[in-house]
Amino acid sequence: MKPEYEGKAKQILTTSDPHIVIQRFKDSATAFNGEKYAEFLGKGKLNNAISSWAFTALHDAGVTTHFLEHENANDMRVKRLKIIPLEVVVRNVVAGSLHKRIGMPEGTALENPIVETYYKRDDLGDPLLAETHVIALGLADKETLTNLYSQALKVNNVLQPVFKKAGIRLVDFKLEFGCDENGTLILGDEISPDTCRLWDWETGQKLDKDVFRRDLADLIETYEDVAKRLGVKVQ
Ligand code: TMP
């Protein structure tokens with residue numbers, strides 16, 4: 001079956017139900033806007049299993065997500081959404097591009113979590129947008145943004161303690177939202193070591209895609225470690 005959408009790390013496949021699609025996790029990894037690329041055998045099934053676990057935990061805590069079911073090793077069934085072209089980043093600790101932008105040392109705990117919106121536009125390098133820009137571009141209205149911030153913070157409130165129990169510091173993560181056929185705002189995409197910064201609580205060891213971005217460690221061993229700590233079974 002030909003995917004109806006092909007991204008850098010996932011595909012979207014049509015099903016017989018117009019409101020449901022298959023989200024397929026690929027073994028490829030990219031960084032720096034696709035400049036760096038590699039294949040990691042087994043990455044897709046790890047991210048599918050970890051994402052399925054995260055969406056289930058969120059569902060149990062009352063957060064609506066697009067997740068319906070873990071279908072097989074690389075596939076999950078999800079609700080079809082019209083994705084808002086924003087990368088919504090939640091940060092608990094200074095790292096990555098925030099460190100570069102404001103100069104505070106990496107690892108500085110933020111007093112309150114920050115929610116940021118980036119324009120999902122590879123050709124522009126996914127620039128940071130102020131709320132005024134998001135509204136001016138017509139990507140979301142004020143009410144939708146308020147809802148989106150509150151859902152993003154709820155995701156943080158739910159996931160932070162579960163990661164902590166597994167000895168992992170949830171430093172920051174990226175979310176994507178979309179609307180279903182009724183226009184309801186729903187959390188989509190994935191939540192995996194590709195889209196989160198995860199640090200060992202004691203040592204600060206990096207347990208996420210930064211191991212690939214910065215050539216720090218073996219990606220598959222790292223993601224397997226995350227799955228094991230969270231008690232996630234991988235097919
Ligand atoms: P940043 O510090 O590079 O802005 O990244 C913030 C978080 O967002 C980090 O957990 C990694 C994640 N992220 C993605 O999932 N996709 C991306 O394209 C980028 C740039 C970051």
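Predicted model only: the values in this text are computed from it and were never measured. Just so you know, residue 1 is the first one in the sequence shown, and it goes up from there. Counting starts at 1 for both ligands and their atoms, following the listed order.
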Hey, does the Lys NZ or Arg CZ of K45 hover above the aromatic six-ring of F25, less than 6.0 Å from the centre and inside 45° of the axis? no

For K100, state whether at least one heavy atom is located under 4.0 Å from any atom of ligand 1. no

If you take the centroid of each ring, where Trp contributes its six-membered ring, are Y223 and F40 closer together than 6.0 Å? no

If you scan protein heavy atoms around atom 4 (O) of ligand 1, the nearest is S97 OG, 2.6 Å

Within reach of ligand 1, part of V89 (heavy-atom separation under 4.0 Å): side chain

To the nearest 0.5 Å, atom CD of Q11 lies from atom NZ of K2 at 9.5 Å

Quick note on ligand 1: atoms under 4.0 Å from a heavy atom of G96 include exactly 2 (O)

Please work out, at 4.0 Å between heavy atoms, whether the side chain, the backbone, both, or neither of H99 comes within that distance of ligand 1. neither

E87 near ligand 1 by a heavy-atom separation under 4.0 Å: yes

Strictly inside 4.0 angstrom of atom 7 (C) of ligand 1, do you find any protein heavy atom? yes

Between ligand 1 and K8, can you find any atom pair, the residue atom being a heavy atom, that is separated by under 4.0 Å? no

What atoms of ligand 1 come closer than 4.0 angstrom to any heavy atom of F173? 10 (O)

Where is the nearest protein heavy atom to atom 3 (O) of ligand 1: which residue, which atom, and how far? R197 NH2, 3.7 Å

Taking the side chain as every heavy atom from C-beta outward, state whether K174 and E176 have any pair of such atoms under 4.5 Å apart. yes

Return the option from K174, R213, K209 holding the heavy atom at the smallest distance from atom 11 (C) of ligand 1. R213

Walk me through whether K26 and E39 qualify under salt bridge (charged side-chain N to carboxylate O under 4.0 Å, His left out). CA-CA 9 Å; K26 305 198 290 186; E39 287 279 321; over 6 Å; no

Which distance, rounded to the nearest 0.5 Å, do you find between the CD of Q235 and the CG of L46? 11.5 Å

among protein heavy atoms, the one nearest atom 9 (C) of ligand 1 is D172 OD1, 3.1 Å

Student check: side-chain heavy atoms of L58 and I191 closer than 4.5 Å: yes

Which of parallel (below 30°), tilted (30 to 60°) and perpendicular (above 60°) describes H66 and F55? perpendicular

